[in-house]
Amino acid sequence: ARKGRPRLLSRENFIELCHRLTAEDEKTFKALWQRAALSVDWSLEYATIDDHCRRTAQLSFLDLFRKEHVYNSSSPTMWDVDFQTAVAQAEVDDRELTGAYHRIEFGVEDSDESLVVATTRPELLAACVGVTAHPDDARYRGLFGRNAVTPLFRAPVPIFPSELADPDKGTGILMVCTFGDATDVLWWREQRLALRQLVQRNGRLGDVTFGSEGWESLDPDAANRFYAELAGKNVKQAQKRVVELLRGPDGSATGSGPPLQGEPEPMEHTVKFYEKGPRPLEFVPTRQWFVRLMDKKEPLLAKGAEVKWHPEFMHVRYRDWTEGLQLDWCVSRQRHFGVPIPVWYPLDDAGEPDFARPIPAGAEQLPVDPMAVPAPGYEETQRGKPGGFIGEADVFDTWFTSSMTPQIGSHWADDPERHAGLFPADVRPQGPEIIRTWAFYTIAKALLHEDSIPWKNALISGWVLDPDRKKMSKSLGNVQTPLPYIERFGADACRYWSGSARLGVDTAFDEKVLKVGKRLVTKLFNAGKFVLAQESEVQPITAELDLAFVAELRALVERTTAAFEDFNFALALQETETFFWSRFTDSYLELAKTRARGDGADAAAQGSAVATLRLALDVLLRLFAPTLPYISEEIWSWRFAEERGEPSIHRAPWPGAADFGGIAEPANAASLERAVAAVQAIHKAKADAQVSAGREVESLVLAGDAALLEEIKPVLGDVLAATRVHTHQLREAGDLEEGVFGVEDARFAERTDRS
RNA sequence: AGGCACGUAGCUCAGUGGCUAGAGCGCCGCCUUGACACGGCGGAGGUCGGCGGUUCAAUCCCGCCCGUGCCUACCA
C-alpha cells in the first residue's frame, strides 16, 4: 500500500501476482533445499496459501468460534499507517527515538488558574480528552474533579487522578489523547472519556468540526480556525505547525501569552513500530477479530512447561512473553493476500451490518472466500443489499495459519486417524526470535483446539552472525546465502558447518569451518577408497589390535547415538569426527594397513584386519550420514549398497548391537593405545634423526617398563610393520614416564628409491 | 531498568569441582610416505573477563563488577 502504487491493482490481480511470486520463490527454495540435501519428504509439500492450509486455518477459526475463543470488536488497535493494517503485539518492535517534551499551558475552567502539561505529541492536542496527575501529587491535588481547558481549541476536559502518572516525568501532569499510546487507551476506557479520533488510517489528521457533538469547545470558531491549519497534514507536519501556533499568543487558554512554555526539550524515548514499518504505530479504532488469550495465561504457561525445550533456558523466553501478554491476539489483517476470515455479516433493513451476529461458514464449504461466495442461506444477489449480507474482507494474520503447522502436517482437518498418530509432533525446530510468534501461537492453538501441546520438543537454534559478530540483516547488507558456499565447498561442508553449531548458541560465520568440513569429506573419500581397495577375503575378527579397535568403535556408537537422541547433533558430529580422524585414520588404519595388504601376514590375520576396516567404514559412514549425506552415500554405493541390498545409506539401519554380534572383547582394552604410543616413539626417533616416517629401520631397541612391554607384545607385529622396523629388541627401563616408550640405538636403512 | 545467555590460545569453538585446560584453523620446524601434501610427525602459544566467597581443591558453584548479545519493560 506504500506510495499508493499497488492500489492501481485490483484485489484479484494483486492476489494473482502474489501467487505467481510465491510459486517462483518456492522453486528457488526447493532447489536450494534439495541441493543442501534436506531430508524432506517432498510428497508432503504444502504452501500456507494452498487449499489444504486455507481449509485448516479456516477450520481452526470455526472451531475457535464455536468455542467462543474469538470475538470481533471495534476498539483502538495498533495500526500501521503505511501498511494500513492492524498489527499484533508480537509484531511490534521498540525503537529508540529522539523526541521532545513540549510544555504547554492549559487553563482551568471557571478560574484564572493554569497548569502546564509536558507532551511529546503536541499534534494530538486537538484530541485531548482529559488531564491526569498522580493522586498524591500535592501540586495538582486541588485540580482533580475540575475541567482543564486546552489551548487553541478551548476544549474543556476532565482532570482526574491516576496511579499511572509519574510525578517525576515531565511536569508530573499530562494530557490524555485519543490516542497517543497504550496508556491513553487504558485511561480512555477506565475514565469513559470522549473519543476524539484525530489520526486517520492513512496517518493524516482527519476533518473535524469543533462545536459539534463530541468536539465541545468554549470557542468553536477559534478552534476550527486553528484546526484548519492542521487538517489533512500527517503527524510530523501537524506537529511542526501546531508548535508554531502554540508560540503565538492567540491560542492561549488563560490569556497570559503563548501557550508553549520555553523551548521543546529533547529527550530519548522508545516508540512502538510495526516490525516492518517506517513510521510509529498509531492507535486507531477499527473493527478487528481477536483470539481471547488474556484469560488463558495459566494454561498457556502450563503447556509451555510440558514441552521440552532445547536448550532448556529457551523456556524462560516463552514464559516471560506469556506472562507479559497485554492484549488479546489480533488476528485480522486489512490486506488482500492471505487466508480469508470465513464469516459474513447480516445487513439490517437500513443496510447496516450487524457485527454482533456474524455468520460463520460451514465446515463442508472450506476453503471459502466470503467475498466471492454468498453467506449460507443467502443468494449472491443479496450481497450488499438491505436485509442481505456482506462478506468479511479481512484476512488472517499469517501466524494464524503458521500456528497450525503441526495440524497441517497431521491432516487434522480431514484425516482424524492420521492426526491421532502424528499429533503432538515430536519436534519443532526454529529460531529464537520467533518464540513469541511461531512457538507461542502454535502452543496457543494446540491448547484451544485440543487442550494439548503441539510438539514434545522445541529445538531453538542460535543465530548465524556475520564474521564481526553482528546479526545478519538486510539493512546492514551483511546477509549471506548458502548457495555460493555450497558451490565452493560442497553441500556436505556447509552441513558440517551448520551441524557444528550448538542449539541456542549464536555462531559467527567463519569460512575456516567450511574448509575443515571439506577436508573431512576428502579424508573420508580417501579412507573409503583405501579400505574398499583391500580385496582379500574377510575372516573373523580375532587379532588383538582389531578387537581393541572394535571395542572403541562400539563405545563411539553408543556415545553418538546418545548425543543424537538428546538432539545434540553437534556433539554427535564432533565425537564421530574426532574418532574417525584420530582413532581410525591416524591410528588403527596406519597400524593395520600392512597386515590388511597381506605383507607377511597369514590369511586369518589379514582377513581379520580387512573385516575390521570394512566394519569401521560401514559404521562410521552411517554415523556421518545425517551430517554428510553426499559423501557417505557415495562411498556406500561403492560396495555396501549391493552387499546389504540397501541402495541408500539413508535408509540403512542405524549402527548398533547388530553390527558387533559375535565379536570378542580384546584381551586388553588399552592395546590400541599401547600400539599408538609405540609408533609415536618410533616416529619421534625418526623425526629427531630428520628422516621420513617411511624410512626403513634396520634395528632398534624399544624401551619401557615391564608392564608396558608385556602389553605391547600382542600388537608388536603391527607396530613394527607400520614403522618398517626389521629387527628389534625390548629393554626394560624404569626411568620413563608412565605409558611412554623410549627408542634407543635406532639404525636407519639407507634411503632407497621406490620404483 | 529487569530477565536470560555469553566472555576459555591470534581466530572459530569444545570442556570439566581435582591428572600438566582441549580441538581445528593460523604460526614455526621436519618429512615430496605406499588411501590422502585437502597429508603425516613435532613444537610454540592461555593470569579460562575482573574482584571477592564457599571448598582440602574453582575455569567450572555462589556474590558483586565490567563487557557483549538477545528478550521484556519504560514510551506524558
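Note that the structure is a prediction, hence the values are computed from the model and not measured.
When rounded to the nearest whole Å, the span between NZ of A/Lys529 and C1' of B/A35 equals 6 Å. Per the geometry, CG belonging to A/Leu520 stands 18 Å off P belonging to B/C36, to the nearest Å. Note: CG (A/Asp320) to P (B/A1) measures 18 Å, nearest angstrom. Atom CG of A/Leu514 is separated from atom P of B/G24 by 18 Å (rounded to the nearest Å). Taking atom CD of A/Glu323 as the reference point, atom C1' of B/G2 lies 13 Å away to the nearest angstrom. Distance, A/Glu577 CD to B/A14 C1': 11 Å, rounded to whole Å.
Remark: the A/Lys523 side chain and the B/C36 base include a donor-acceptor N/O pair separated by less than 3.5 Å. Taking 3.5 Å as the limit, the base of B/A35 and the side chain of A/Gln534 contain no donor-acceptor pair of atoms between them. For A/Glu590 against B/C41, no side-chain N or O and base N or O form a donor-acceptor pair under 3.5 Å.
Within the 4.5 Å cutoff, the side chain of A/Trp79 has no heavy atoms near those of the A/Phe283 side chain. With a 4.5 Å cut-off on side-chain heavy atoms, A/Arg583 and A/Leu672 count as touching.
As the counterpart of B/A44, no nucleotide is assigned, since no Watson-Crick or G-U wobble pattern has both distances under 3.5 Å. Nucleotide B/G69 forms a Watson-Crick or G-U wobble pair with B/C4, both donor-acceptor distances falling under 3.5 Å. Pair assignment for B/G10 gives B/C25, based on Watson-Crick or G-U wobble hydrogen-bonding distances that are each under 3.5 Å. Remark: B/U55 base-pairs with no nucleotide; criterion is Watson-Crick or G-U wobble with both hydrogen-bond distances under 3.5 Å. Both distances falling under 3.5 Å, in either a Watson-Crick or a G-U wobble arrangement, occur for no nucleotide opposite B/C74. With both pairing distances under 3.5 Å, B/U16 is matched to nothing as a Watson-Crick or G-U wobble pair. Remark: B/G34 base-pairs with no nucleotide in the shown strands. Criterion, Watson-Crick or G-U wobble with two distances under 3.5 Å.
Base contact: A/Thr522 has a heavy atom under 4.0 Å from a base atom. A/Tyr101 comes within 4.0 angstrom of sugar-phosphate atoms only, judged by non-hydrogen atoms across all strands, and of no base. Within 4.0 Å (heavy atoms only), A/Asn526 reaches at least one base atom of the nucleic acid. Contact annotation for A/Val516: backbone-only contact, meaning every heavy-atom pair under 4.0 Å involves sugar-phosphate atoms and none involves a base. Nucleic acid contact class of A/Trp581 (heavy atoms, under 4.0 Å, all strands): sugar-phosphate only. Counting any heavy atom pair closer than 4.0 Å across all strands shown, A/Arg121 reaches no nucleic acid atom. Within the nucleic acid shown, A/Ala165 comes within 4.0 Å of at least one base atom, counting heavy atoms only. Using a 4.0 Å heavy-atom criterion, one finds that A/Thr171 contacts no nucleic acid atom at all. Counting non-hydrogen atoms under 4.0 angstrom, A/Leu164 reaches a base of the nucleic acid. When heavy atoms are screened at a 4.0 angstrom cut-off, A/Asp184 is found touching no nucleic acid atom at all. As judged by a 4.0 angstrom heavy-atom cut-off over every strand, A/Ala533 is placed among residues making no nucleic acid contact. Using a 4.0 Å heavy-atom distance criterion, A/Leu571 is classed as making no nucleic acid contact. Backbone-only engagement by A/Thr120 is indicated by non-hydrogen atom pairs under 4.0 Å involving sugar-phosphate atoms exclusively.
Side-chain N/O atoms of A/Lys684 include none lying less than 4.0 angstrom from OP1 or OP2 on B/G29. A/Trp463 has no side-chain polar atom (N or O) that falls below the 4.0 Å cut-off from OP1 or OP2 of B/C71. Side-chain nitrogen and oxygen atoms of A/Arg597 include none within less than 4.0 Å of the OP1 or OP2 phosphate oxygen of B/G34. The side chain of A/Arg436 contributes an N or O atom lying less than 4.0 Å from OP1 or OP2 of B/U72. For A/Lys593 and B/G34, the shortest distance from a side-chain N or O to OP1 or OP2 is not below 4.0 Å. Side-chain nitrogen and oxygen atoms of A/Gln680 include at least one within less than 4.0 Å of the OP1 or OP2 phosphate oxygen of B/G42. Not one side-chain nitrogen or oxygen of A/Arg724 sits closer than 4.0 Å to the OP1 or OP2 atom of B/G34.
Counting only distance, with no hydrogens or angles, the side chain of A/Gln89 and the backbone of A/Gln326 share a donor-acceptor pair below 3.5 Å. Looking only at distances, a side-chain donor or acceptor of A/Gln606 sits under 3.5 Å from a matching main-chain atom of A/Ala596.
Nearest nucleotide to the A/Asp94 side chain, out of B/A35, B/A73, B/U12: B/A73.
Comparing the same atom, P, in B/C38 and in B/C27 gives a spacing of 14 Å after rounding to whole Å. If you take atom C1' in B/U59 and the same atom in B/U33, they sit 41 Å apart, rounded to whole Å. The gap from the C1' atom of B/A14 to that of B/C71 amounts to 27 Å, rounded to the nearest Å. Separation of the P atoms belonging to B/C48 and B/U8 is 11 Å when rounded to the nearest angstrom. Using atom P as the reference point in both B/G17 and B/C6, the two lie 15 Å apart (nearest Å). Here, B/G46 and B/G3 have their P atoms 37 Å apart, quoted to the whole Å. Rounded to a whole angstrom, the distance from the P atom of B/A9 to that of B/G2 is 30 Å.
Expressed to the nearest 0.5 Å, how far CG of A/Leu573 lies from OH of A/Tyr496 amounts to 6.0 Å.
In this structure, A/Phe549 and A/Tyr588 have parallel ring planes: the angle between them is below the 30° cut-off, well short of the 60° mark. Relative ring orientation between A/Phe584 and A/Phe580 is described as tilted, the plane-to-plane angle lying within the 30° to 60° band. In this structure, A/Tyr318 and A/Trp309 have tilted ring planes: the angle between them lies in the 30° to 60° band.
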Salt bridge (Lys or Arg N to Asp or Glu O under 4.0 Å) evaluation trace for A/Arg121 with A/Glu282: CA-CA 12 Å; A/Arg121 301 205 59 183; A/Glu282 297 292 344; 2.9 Å; yes
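Nearer to the 5' terminus of RNA chain B, by closest-nucleotide assignment, is the contact made by A/Val316 (compared with the other of A/Phe509 and A/Val316). Nearest-nucleotide mapping onto RNA chain B: of A/His683 and A/Val271, the residue sitting toward the 5' end is A/His683.
Under the 6.0 Å distance and 45° angle rule, A/Lys593 counts as a cation-pi partner of A/Phe530.
Within a 6.0 Å sphere centred on NZ of A/Lys297, heavy atoms belonging to other residues, nucleotides or ligands number more than 12.
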Per-nucleotide protein contact along nucleotides 5-10 of chain B, 5' to 3', at a 4.0 Å heavy-atom cut-off (B base, S sugar-phosphate only, - neither), is S-----
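Taking the six-membered ring for Trp and the full ring otherwise, A/Tyr630 and A/Phe525 have centroids separated by 6.0 Å or more.
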